2 protein chains.
Amino acid sequence: MGVSSRSAVAIHALTMLARWDDKSLTSAEIADSLASNPVLVRRILGSLRDAGLVWATEGRNGGWSLARPATQITLRDAYTAVEAGPVLSRHPHPPSDACEVGRNMQDLLDAEFRDAERALEERLSRTTIAHLVRQVLANERAAARRNH
Amino acid sequence: MGVSSRSAVAIHALTMLARWDDKSLTSAEIADSLASNPVLVRRILGSLRDAGLVWATEGRNGGWSLARPATQITLRDAYTAVEAGPVLSRHPHPPSDACEVGRNMQDLLDAEFRDAERALEERLSRTTIAHLVRQVLANERAAARRNH
DNA sequence: CAAACTGTAAGCGCCACGGTTGCAGTATCT
DNA sequence: AGATACTGCAACCGTGGCGCTTACAGTTTG
């Protein structure tokens, strides 16, 4: 296991919004694609809205749209918007102060883990939603070509 | 949250074994430093043993020792030994096959997430247990100097 | 007013987690 | 031999977060 699947849902939703960016999509439409529930989608899109990545119009014919071009939204943006805590958990309790190692490990480990998490986020920041849309369309074209 | 705290415990234990590598340490001693439980420590050290990082002698005066020099054990070794699944969770369910995005996202996301996880592990592999021991000793020397 | 949306709060069952108890096996010490 | 001090392992518990659902208030359009 590990981090929640909210990032996956967020990236999925953003990719859909980018794929059909001429119209807005409802949480029900996105939930259908995810084989999930509209409320769950709204919760996650709510986090993305708070992060300034998407916006919603309420009422009938309402729905969700990207707040900026898909070329300017990275996977890291989605990840940090929906994921709270650190990836790598630290000590459950503070270690013993009486131990030479114990009284130093927490800070040392924190520095190492932060660097590692930074490396993960840095890699995520190298892929944009636009890139994923391009790959989806390319895959679809290839699949259509195979069906002749 | 995120990944379990087993990595933190494993690295803590390895650092202790490396710090006092002239003798073997019991699970109780390590548990004391962690303010935790000997059984929990044994569970995690058991994984490290299966990964070939440490070994134990049973019976009275038994205990744990490193299986190879601390310069040749990285944080990645500890991490992969105790942590099972992927860091970043994928879709809870397979998405809908009827959606153009849905039927492509899983593979695309998996590739991206694997790359990101690889980046995290790569960073962890750059720090050895010996390096942590060196920092602990340096911190202790600095603290002793301040107490004059 | 009815319909179709978003937005929230509350609750559900599930599962992994850290932690604990209990006990069998094994080596050492007296 | 018998007490002692370890590892090893299985079973269990309480907690918390997860994905998911229901219910309902608010908002805009037909």
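The structure displayed is predicted, hence computed values, not measured ones. First the proteins, then the strands, lettered A, B, ... as listed; each starts at 1. Because only heavy atoms are used, hydrogens play no part in the values below, and waters and symmetry mates are left out as well, while side chains stay in.
In this model, no side-chain donor or acceptor of A/R49 finds a partner on the base of C/dG7 within 3.5 Å. Between the side chain of A/R60 and the base of D/dG30, no donor-acceptor pair under 3.5 Å is found.
In this structure, the CG atom of B/L45 is 15 Å from the C1' atom of D/dC9, given to the nearest Å. If you measure from atom NZ of A/K23 to atom P of C/dC5, you get 12 Å, rounded to the nearest angstrom.
Distances shorter than 4.0 Å separate none of the side-chain N or O atoms of B/T26 from OP1 or OP2 on D/dC6. The shortest distance between the side-chain N/O atoms of A/S36 and the OP1/OP2 oxygens of D/dG19 is not below 4.0 Å. Distances shorter than 4.0 Å separate none of the side-chain N or O atoms of A/R42 from OP1 or OP2 on C/dT8. Distances shorter than 4.0 Å separate none of the side-chain N or O atoms of A/R43 from OP1 or OP2 on C/dT8.
Within 4.0 Å of B/N37, counting heavy atoms only, lies at least one base atom of the nucleic acid.
With salt bridges taken as basic N to acidic carboxylate O contacts below 4.0 Å, one links B/R123 and A/D115.
Within a 6.0 Å radius of CZ in A/R68, other residues, nucleotides and ligands contribute more than 12 heavy atoms.
Across B/A8 and A/H91, no two heavy atoms sit closer than the pair CB-N, 4.0 Å.
Taking the side chain of A/L40 as heavy atoms from C-beta on, and the options D/dG19, C/dT6, D/dC6, the nearest nucleotide is D/dG19.
Between the side chain of A/E117 and the main chain of A/V87, a donor-acceptor pair closer than 3.5 Å is present.
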